[in-house]
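We count ligands from 1, going down the list as the structure has it; atoms in each ligand are counted the same way.
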Amino acid sequence: MEKIIVRGGQRLKGTVRVEGAKNAVLPVIAATLLASKGKCEILNVPELSDVYTINEVLRFLNADVDFENNRITVDATRDLNIEAPFEYVRKMRASVLVMGSLLARNGKAKIALPGGCAIGSRPVDQHLKGFEAMGAKVKVGNGYIDAEVDGRLKGAKIYLDFPSVGATENIMMAATLAEGTTIMENVAKEPEIVDLANFLNSMGAKVRGAGTGTLRIEGVSELHGCKHDIIPDRIEAGTFMVAAAITGGDVIVEGAVPEHSSSLIAKMEEMGVKFEEVENGLRVIGPEKLKAIDIKTMPHPGFPTDMQSQMMSLLLAAEGTSMITETVFENRFMHVEEFRRMNGDIKIEGRSVVINGPSSLQGAEVAATDLRAAAALTLAGLIADGYTRVTELKHLDRGYVNFHNKLAALGADIERVSSMEQEQTVILEQIKEA
Ligand SMILES: CC(=O)N[C@H]1[C@@H](OP(=O)(O)OP(=O)(O)OC[C@H]2O[C@@H](n3ccc(=O)[nH]c3=O)[C@H](O)[C@@H]2O)O[C@H](CO)[C@@H](O)[C@@H]1O
Ligand SMILES: C=C(OP(=O)(O)O)C(=O)O
């Protein structure tokens with residue numbers, strides 16, 4: 001079984017470079033299916049398992065996809081298939097994002113119904129409501145969503161009940177090729193939405209308002225290939241900001257865009273962490289003592305749920321009582337039990353978690369429950385006494401490239417092992433060095 005083994009106690013120092021954003025590249029790859037003319041070239045693509053999975057989905061749909069040196073080219077000019085089967089959707093829920101493109105391009109799409117996952121039930125009703133408003137007939141049965149439209153989709157006025165990131169993206173993609181204008185209200189404002197809109201506009205689409213609560217999309221009859229650079233990953237950047245802060249370190253996070261992480265930076269500043277804008281990034285300096293604070297996750301520009309578990313690690317190290325309230329996903333506290341295995345003084349109260357700090361964290365074997373929990377438990381391991389072993393790394397690989405090597409380059413005592421023998425050797429070596 002693969003594990004990360006980390007021994008706590010090192011202050012991190014140096015520079016770490018952030019990859020392209022997972023949550024930007026996945027919808028952008030799904031959107032390449034809209035180009036009936038020319039190839040799309042996407043740069044700054046992170047080598048994540050999710051990227052390999054969505055590439056497989058596109059190949060299954062009859063597109064040509066090449067991925068090398070952080071660059072993807074997609075040729076989707078042939079006739080496309082219409083079905084994304086369960087084997088892909090099960091691996092990665094974001095596979096559902098091909099639905100809008102397929103429906104707009106083919107007039108038909110059949111996608112396996114994504115199940116719930118460790119963080120919540122994650123329905124797709126808002127995506128489907130948008131497609132229906134544009135004239136699609138949607139049927140759900142036998143584990144599949146079947147959508148079909150007579151002729152072209154029609155522009156419509158669509159109000160989202162919640163600013164869902166995925167629904168905003170899926171409907172926006174579908175609307176680019178619809179007949180007439182679509183107005184979407186109460187949409188998500190995440191930087192990844194803006195990146196997708198920029199990509200679509202480079203393909204010849206007419207999307208206005210990305211980054212605000214209202215989108216106006218004038219449908220066009222055809223889209224073409226283009227070249228696009230993916231924005232930096234603000235969640236990976238945030239994870240390294242926490243790594244610097246939790247160890248009292250001094251780290252430059254190269255590629256971090258302060259405006260994309262303003263809520264996180266504000267909350268970390270409240271805790272006593274210092275930030276300095278430098279060329280190409282952000283310098284993060286951890287204080288001697290961290291202060292307790294309260295956090296509530298919200299859609300952007302509120303505090304991101306994808307940073308909730310990493311901040312939980314940081315608050316475990318802070319002096320005083322903190323509270324984290326999760327409002328985006330109904331079940332994103334699975335990592336709490338794992339922190340308790342590390343001696344964290346932490347308890348769940350409804351949709352909130354109360355943390356009494358500072359906890360004297362102890363190394364233990366802990367299992368990642370989702371990709372951010374994998375990172376968060378490793379961060380806690382950076383300050384725990386002894387060895388922390390993090391398992392279930394398939395989650396980590398969905399969202400982080402070379403996580404352990406990047407931390408090691410900053411001075412962390414960390415290795416990734418794939419067998420019991422390797423694990424024993426690493427621990428013996430670490431004990432000798434200590
Ligand atoms: C690949 C990707 O970009 N994933 C991100 C995306 O996920 P994703 O796009 O799935 O997240 P959404 O914004 O859609 O979901 C937020 C909430 O809305 C609910 N909901 C959503 C759609 C719907 O039709 N009905 C409904 O009830 C969900 O169950 C959840 O409780 O945004 C989340 C919220 O910032 C992030 O945590 C994920 O990392
Ligand atoms: C929840 C996340 O991703 P996904 O929506 O791909 O599961 C995440 O990136 O933290």
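For atom 5 (C) of ligand 1, the nearest non-hydrogen atom of the protein is N23 ND2, 3.5 Å. Of all protein heavy atoms, the one lying nearest to atom 5 (O) of ligand 2 is R122 NH2, 2.6 Å. In terms of protein heavy-atom proximity, atom 10 (O) of ligand 2 is nearest to R372 NE, 2.8 Å. The nearest heavy-atom contact from the protein to atom 24 (O) of ligand 1 is Q126 N, 2.7 Å. Nearest protein heavy-atom contact of atom 3 (O) of ligand 2 is K22 NZ, 2.9 Å.
Residue F329 places no N or O, backbone or side chain, under 3.5 Å from any N or O of ligand 1. Backbone and side-chain nitrogen or oxygen atoms of R398 are examined, and one is located within less than 3.5 angstrom of a nitrogen or oxygen of ligand 2.
Interface of I119 with ligand 2, defined as ligand atoms under 4.0 Å from a residue heavy atom, comprises 1 (C). Distances below 4.0 Å separate heavy atoms of H127 from the following atoms of ligand 1: 24 (O). Per-residue contacts place G166 under 4.0 angstrom from the following atoms of ligand 1 (heavy atoms of the residue considered): 9 (O), 14 (O). Each of the following atoms of ligand 1 lies closer than 4.0 Å to a heavy atom of V124: 23 (C), 24 (O). Listed by number with element, the atoms of ligand 1 under 4.0 Å from a non-hydrogen atom of R332 are 37 (O).
Just one of N198, V25, L43 meets the side-chain contact (heavy atoms from CB on, under 4.5 Å) condition when paired with H228; it is N198.
Within a 4.0 Å radius of atom 16 (C) of ligand 1, the protein has at least one heavy atom.
The line from OG1 of T168 to CZ of F162 is 10.0 Å long, rounded to the nearest 0.5 Å.
Proximity of D370 to ligand 2, defined as any heavy-atom pair under 4.0 Å, is not found for any part of the residue. Contacts of T305 with ligand 2, taken as heavy-atom pairs under 4.0 Å, are absent altogether. Contacts of E192 with ligand 1, taken as heavy-atom pairs under 4.0 Å, are absent altogether. The part of D306 lying near ligand 1 is the side chain, judged by heavy-atom distances below 4.0 Å. If you look at V328 next to ligand 1, the close heavy atoms, those under 4.0 Å, come from the backbone and the side chain alike.
Using bins of under 30°, 30° to 60° and over 60° for the plane-to-plane angle, the ring pair F403/Y400 lands in the tilted bin.
Contact between R332 and ligand 2 is present, with at least one heavy atom of the residue lying under 4.0 Å from the ligand.
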